[in-house]
Structures are given as structure tokens and as C-alpha cells.
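Just below is one structure, and these are the notes that go with it.
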Amino acid sequence: MTRHARNCTAGAVYTYHEKKKDASASGYGTNTQRVGKDSVKDFDCCCLTLQPCREPVVTKDGYLFDKEAILEYILTKKREYGRKLKEYEKQKHKEQEELHERTVNEELLKLQNFLKSEKNIVSRTKSKSNQSNNSVSNMSNGKDKTLPSFWIPSKTPEAKKTKLQKPNKTVYCPLSGKPLKLSDLISVKFTEVKDPDDNKSLIVKQARYMCPITHDILSNSVPCAVIKTTGHVVTMECVEKILKKEWINPLDGSKLTEADIIPLQRGGTGYSAVNDSLEGKHERPVLQA
């Protein structure tokens, strides 16, 4: 423990600074740390690789993925399903064999007991039965074949094998947790900012893409949406002020509906007004008196 308020030993208040210092020194409690900018992806980056998308696709919930990364994820999940299904079928086949073997052994045991009872029709005398029942020897009545010590390996408890459950064939989105199909992925088209005076590469540029209708620069601080019919990324301000007036796409003149507007999930800016969770927590054992 640290000295309670180094220059005020008579204080009755356990300050926040002292509490944090004691928690870090003792190794107990929950550590919280604010998420930095390096941990927040950009709006045009893949949710799996956290890198700018080369072939961007979006789900119905607005999560952006690189096509190569999401296809590899789906194939990995399908291979995992196939492996688990083989293990489940192998376990099921083994259970059927054990059940058949158990049934055969029970029938054989019944037959052996019947033959044994037929041979021993002649009853024993009552005195002999009383002597055998009243015996105090620890070696009578078959007790010599039992193991008396509980610490012998064959007498110790055994861990039962875990029973596998039938695997689920459905592939779920790694972020939303909803079922994900390859046919649900929509190709996304980003409109590049054309500046003849800027000779930098696309990845180095801060302002890489813009809205094709209003020409507003897209960033994490600007809410965006994807037009499902064409795949263009526009700002939500454009959706509210232009598209929702007549529900016509000015890029190709096609009609739109409410379902054709997919809000794009933003990566974040580091401000609490944009992000829901900005803290990372590491739980440790609690120090109790």
C-alpha cells in the first residue's frame, strides 16, 4: 500500500489516484485503458484485416469487408463444419456399436444366469446358508476378488468423455453474429477524389473518397450509406436531403426504396459521440480482506 496522501496523513478520503496506484502495484482489480487511434479502423477498411479494402463488399447490416478476407473466412468456417461433422458422425457410429454390443452382452448374461440356475436346482441346507451368511471373514462371499483400497488406480474416479453436439451448418457474421451468406454480400464502389495537383498514392491521402452526388469528403466523422442497387457510397446527409425526397437515384435514374439504403458502420474517430465503447478492460483477481 502507498502512503495515504503523502503530505496529509490525517485525511479520511482515499483518493482516486491512490486507488489506481495501489491497484497497479498489487496486481488486483480491473485495468481500463482508453482505446487509441491505432485501434480504430478507418471507414473504408475491412473489419477483419483492418486494412483498406481492394474489393470492398458490405453486408446487409452495413459491415465492410474485403472480398478476399470474407471469402477466406466463409471457407474456413465451412471446413471447420465438415471436420466437426465427421467427428460427430464417428462418435454416433461408435455409440451405436457400443449399444449393440451392450445388448448382445445382456442377452448372453441372461442366458448364462438361466443355465446356472438350472444346474443349481438342488437347494442347499438352511444351516449351510446361515453359516455362509453369518461369516465375518473379509474373504468370504467373493470378497477376496474385490479391491479394498480406494487409492488403487482402478478405483479412482475417471473423467467422462465429452459428448459432441451436432455442429451448426450456418455461417455467422464475425461482427453482427447474424447468418451470413455469400449471396448477401453487395459490392461497394468508392468515388475517388480527383485532384490533379495531388500526386500522392491513394493510401497515403487523408481525403481519399467523396460522395458522388454532393462531392463531400468521406471520413469516419461523416455518416455514410451504401446504395444497394449501384453500390455507391454516399453521405447520410445526401440520403436525407436528396434521395428521400423523390426516391430516385440521380446516378442512374433508378427508383429506390427504404431497403436500398444500407447505413455503413463507421470505424470511429475516438470521440464518445461517435463510438459506443472506447475503453479496453483487463480483468484481474479481486483482492478481498
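- Here side-chain hydrogen bond (donor to acceptor under 3.5 Å, both in side chains) pairs that include residues 94-104, with residues two or more places apart or in two chains, are His93-Glu97.
- Atom CZ of Phe65 sits about 6.5 Å away from atom SG of Cys46, to the nearest 0.5 Å.
- The two residues Pro167 and Tyr88 have their closest heavy-atom pair at CD-CB, 4.1 Å.
- Remark: Thr257 engages Asp260 in a side-chain hydrogen bond (donor to acceptor under 3.5 Å, both in side chains) (not counting sequence neighbours).
- Counting heavy atoms from C-beta outward, Pro179 and Val171 have side chains that stay 4.5 Å or more apart.
- Checking side-chain atoms of Glu192 against main-chain N and O of Arg208 turns up no donor-acceptor pair under 3.5 Å.
- Contacts of Lys169 classified as salt bridge (Lys or Arg N to Asp or Glu O under 4.0 Å), with partners at least two apart in sequence or in another chain: none.
- For the salt bridge (Lys or Arg N to Asp or Glu O under 4.0 Å) test, residues two or more places apart in sequence or in another chain that qualify with Glu68 are Arg54.
- Distance check, rounded to the nearest 0.5 Å: NZ of Lys189 to CD1 of Ile227 gives 10.5 Å.
- Identified under the side-chain hydrogen bond (donor to acceptor under 3.5 Å, both in side chains) test for residues 71-81, with sequence neighbours left out: Glu80-Lys84.
- Rounding to the nearest 0.5 Å gives a distance of 7.0 Å between CD1 of Ile242 and SG of Cys211.
- Separation of atoms OH (Tyr209) and CG (Asp42) is listed at 10.5 Å; rounding is to 0.5 Å.
- The two residues Leu264 and Gly62 make their nearest non-hydrogen contact at CD1-O, 3.5 Å.
- The side-chain hydrogen bond (donor to acceptor under 3.5 Å, both in side chains) check on Asn105 picks up nothing, with sequence neighbours excluded.
- Using a 4.5 Å cut-off between side-chain heavy atoms of Ile, Leu, Val, Met, Phe, Trp and Tyr, with links allowed through other members, Val193 and Val234 fall into different hydrophobic clusters.
- The OG atom of Ser219 lies 14.5 Å from the CE atom of Met210; values are rounded to the nearest 0.5 Å.
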Please lay out, stage by stage, how Leu243 and Leu256 fare under the test side-chain contact (heavy atoms from CB on, under 4.5 Å).
CA-CA 8 Å; Leu243 299 182; Leu256 299 175; 4.3 Å; yes
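- Residues satisfying the salt bridge (Lys or Arg N to Asp or Glu O under 4.0 Å) test with Asp216, not counting sequence neighbours, are none.
- Heavy atoms only, all atoms of each residue included: Met236 and Ala225 are closest at SD-CB, 3.4 Å.
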Yes or no on side-chain contact (heavy atoms from CB on, under 4.5 Å) for Leu185 and Leu180, after CA distance, side-chain angles and deciding distance?
CA-CA 8 Å; Leu185 299 177; Leu180 178 64; 4.0 Å; yes
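- Taking hydrophobic clusters as Ile, Leu, Val, Met, Phe, Trp and Tyr residues chained together by side-chain heavy-atom distances below 4.5 Å, Leu71 does not share a cluster with Leu64.
- The side-chain hydrogen bond (donor to acceptor under 3.5 Å, both in side chains) pairs that include a residue from residues 231-243 are Thr230-His232, Glu237-Lys241, Glu240-Lys244, where partners are two or more places apart or lie in different chains.
- By the side-chain contact (heavy atoms from CB on, under 4.5 Å) test, Lys86 is found to be paired with no residue, residues two or more places apart in sequence or in another chain being considered.
- Applying the side-chain hydrogen bond (donor to acceptor under 3.5 Å, both in side chains) rule to Thr59 yields no partners; only residues at least two apart in sequence or on another chain are considered.
- Contact annotation: the side chain of Tyr63 never approaches that of Ile262 to less than 4.5 Å [non-hydrogen atoms, C-beta and beyond].
- Here the NZ atom belonging to Lys92 is positioned 10.0 Å from the CG atom belonging to Leu85, to the nearest 0.5 angstrom.
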Go through the steps for Glu107 and Leu111 under the test side-chain contact (heavy atoms from CB on, under 4.5 Å), then give the verdict.
CA-CA 6 Å; Glu107 295 294 333; Leu111 179 60; over 6 Å; no
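- Scanning for salt bridge (Lys or Arg N to Asp or Glu O under 4.0 Å) contacts around Asp66 gives an empty result, with sequence neighbours left out.
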From CA spacing to verdict: side-chain contact (heavy atoms from CB on, under 4.5 Å), Ser254, Ile248:
CA-CA 6 Å; Ser254 61; Ile248 295 177; over 6 Å; no
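- Salt-bridge check for Lys110 with Glu106: failed, with every basic side-chain N at 4.0 Å or more from each acidic carboxylate O.
- Under a hydrophobic clustering in which Ile, Leu, Val, Met, Phe, Trp and Tyr are joined whenever their side-chain heavy atoms come within less than 4.5 Å, directly or via other members, Leu182 and Leu48 fall into the same cluster.
- A 4.5 Å side-chain heavy-atom check between Leu50 and Cys45 finds every atom pair outside the cut-off.
- A 4.5 Å side-chain heavy-atom check between Leu115 and Gln112 finds every atom pair outside the cut-off.
- In this structure, the side-chain hydrogen bond (donor to acceptor under 3.5 Å, both in side chains) partners of Ser176, at least two apart in sequence or on a different chain, are Asp61.
- Side-chain contact between Val57 and Ile186 is absent, with no heavy atoms from C-beta onward closer than 4.5 Å.
- Remark: of the listed residues Asp44, Val226, Val58, Val226 is the sole one forming a side-chain contact (heavy atoms from CB on, under 4.5 Å) with Val233.
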